Trainee: 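Structure provided below as structure tokens; questions to follow.
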There are 2 protein chains.
Amino acid sequence: MPRKSVSAPAGDAPLRQGLLPGLLGYRLRLAQQAIFRDFADSIPDLSPGRVGVLVLIESNPGVTQSRLARAVGIDRSTLVGLLHELEARNLVQRRRGTDRRTNGLWLTAKGAALLARTLPLIARHEERVAAGLSASERSRLLALLGRLLG
Amino acid sequence: MPRKSVSAPAGDAPLRQGLLPGLLGYRLRLAQQAIFRDFADSIPDLSPGRVGVLVLIESNPGVTQSRLARAVGIDRSTLVGLLHELEARNLVQRRRGTDRRTNGLWLTAKGAALLARTLPLIARHEERVAAGLSASERSRLLALLGRLLG
DNA sequence: TATTGTTATACTCTATAACTATA
DNA sequence: TATAGTTATAGAGTATAACAATA
């Protein structure tokens, strides 16, 4: 009878995880990696961050860059390059605001169309992500996530 | 009485979030950003990814690089640079395996000591992250996260 | 032939500091 | 003085492709 190994399990056994499975940050990171991969594999042309920006512009036409940056949790300088790209792809338009330091942001017709085409793909992606959960488990997870680090 | 605006809310109102709050990936990303910031602010010298690597080596002494890379969900080429750094800091040691293509990985005394010193900081970080949740809500969240994307 | 570790390279996402134009 | 947008720059973290050593 083989004695119990003190070091690494054999090549096909899973690794011992130590305390990692009990850490929220670790579980969150693994889940997010898997979700991002599924997103990238199933949604062409737009990253998760870009979808967030387009959705917020659609829901808040004329929003300024600084407010949008705060809403998505990135620095305003980081948003500049992202908007350059979205404007170069003719998905978003910047218009000088009445406070002439600001730019208001609007979706172009092409941007709105791309977003509309993408939403069903996101819905299917979301179904795959939550495939193992019941509807009530899924809402419970959403609610719990919203209460982290108050 | 002010009529309801059709475009962006005023400068201090929160943005309308559209469908974003209902997307698991979006909520996960926001939660993880906040958690990473708290981690970086409260745990010196080690990033979340490095802690994961050190914990897995501690729990699986002699593990090979390829198996460790699979366990933490990164490419084995990505792990090489991380291990170069940890070895240069004298936290980890590589030893040629009996299968001479492989390196077995061990914590050095210094690596084990750093990890031991860091664990209480991680525990306090974890308490802050879950401060808004009861113990049973926290375990429920961990369990639900483990069931995403099969 | 297949696998392990490695290198070279590049890409994405992010922030900080300093600039300009406006307020 | 303060804020909005911008630029230059840098730093994480990551992957792909190709290679030598070994199985």
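No hydrogens, no waters, no symmetry mates; every other heavy atom, side chains included, goes into these values. Quantities reported herein were computed from a predicted structural model and do not represent experimental measurements. Protein chains get the first letters and strands the later ones, always in sequence-line order, with residue 1 at the start of each.
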Trainee: Go along nucleotides 13-23 of chain C 5' to 3' and tag each nucleotide: B for a protein heavy atom under 4.0 Å from its base, S when only backbone or sugar atoms are that close, - otherwise.
Mentor: SBBBB----BS
Trainee: What is the separation between atom CZ on B/Phe39 and atom P on D/dG13, rounded to the nearest whole Å?
Mentor: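 The answer, rounded to whole Å, is 10 Å.
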Trainee: To the nearest Å, how far apart are A/Leu83 CG and D/dG5 P?
Mentor: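 My rounded result for the distance is 9 Å.
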Trainee: Reckon A/Thr102 has a side-chain N or O less than 4.0 Å from the OP1 or OP2 of D/dT3?
Mentor: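 Answer no for this pair, as no side-chain N or O of A/Thr102 is under 4.0 Å from OP1 or OP2.
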Trainee: Kindly indicate whether the side chain of A/Leu82, heavy atoms from C-beta on, has any atom under 4.5 Å from the side chain of A/Arg50.
Mentor: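 Result yes, sub-4.5 Å side-chain heavy-atom pair found.
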Trainee: Quickly work out the B/Arg94 CZ to C/dG5 P distance and round it to whole Å.
Mentor: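 These atoms are roughly 9 Å apart.
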Trainee: Less than 4.5 Å apart, side chain to side chain, heavy atoms only: is that true for B/Arg94 and B/Trp106?
Mentor: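 Result no, sub-4.5 Å side-chain heavy-atom pair not found.
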Trainee: Decide whether A/Arg67 and A/Thr64 meet the rule of one side-chain donor and one side-chain acceptor closer than 3.5 Å.
Mentor: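 A/Arg67 vs A/Thr64: no donor-acceptor pair found between side chains.
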Trainee: How about B/Thr102 and B/Arg96: does a side-chain donor come under 3.5 Å of a side-chain acceptor?
Mentor: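 B/Arg96 and B/Thr102 do not have a side-chain donor-acceptor pair below 3.5 Å.
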Trainee: Check the distance between D/dG5's C1' and A/Leu86's CG and give it to me in whole angstrom.
Mentor: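 In whole Å, D/dG5 C1' and A/Leu86 CG are 16 Å from each other.
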Trainee: Indicate whether OP1 or OP2 belonging to C/dT3 is found under 4.0 Å from a side-chain N or O atom of B/Gln65.
Mentor: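 No, no such contact exists.
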Trainee: Any side-chain donor paired with an acceptor under 3.5 Å for B/His84 and B/Arg89?
Mentor: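 No.
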Trainee: Starting from P on D/dA15, measure out to CG on A/Asp41 and report it in whole angstrom.
Mentor: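 Atom-to-atom, A/Asp41 to D/dA15, this comes out as 13 Å.
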Trainee: Atom CG of B/Asn103 to atom P of D/dA23: distance rounded to whole Å?
Mentor: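 Those two atoms, CG and P, are 13 Å apart.
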Trainee: May I ask you to verify if any side-chain N or O of A/His84 is less than 4.0 angstrom from the OP1 or OP2 atom of D/dG5?
Mentor: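 Looking at the OP1 and OP2 atoms of D/dG5, neither is under 4.0 Å from any side-chain N or O of A/His84.
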Trainee: A/His125 and side chain to side chain donor-acceptor pair (under 3.5 Å): which single residue from A/Asp41, A/Asp38, A/Thr118 fits?
Mentor: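 When side chain to side chain donor-acceptor pair (under 3.5 Å) is applied between A/His125 and each of A/Asp41, A/Asp38, A/Thr118, only A/Asp38 qualifies.
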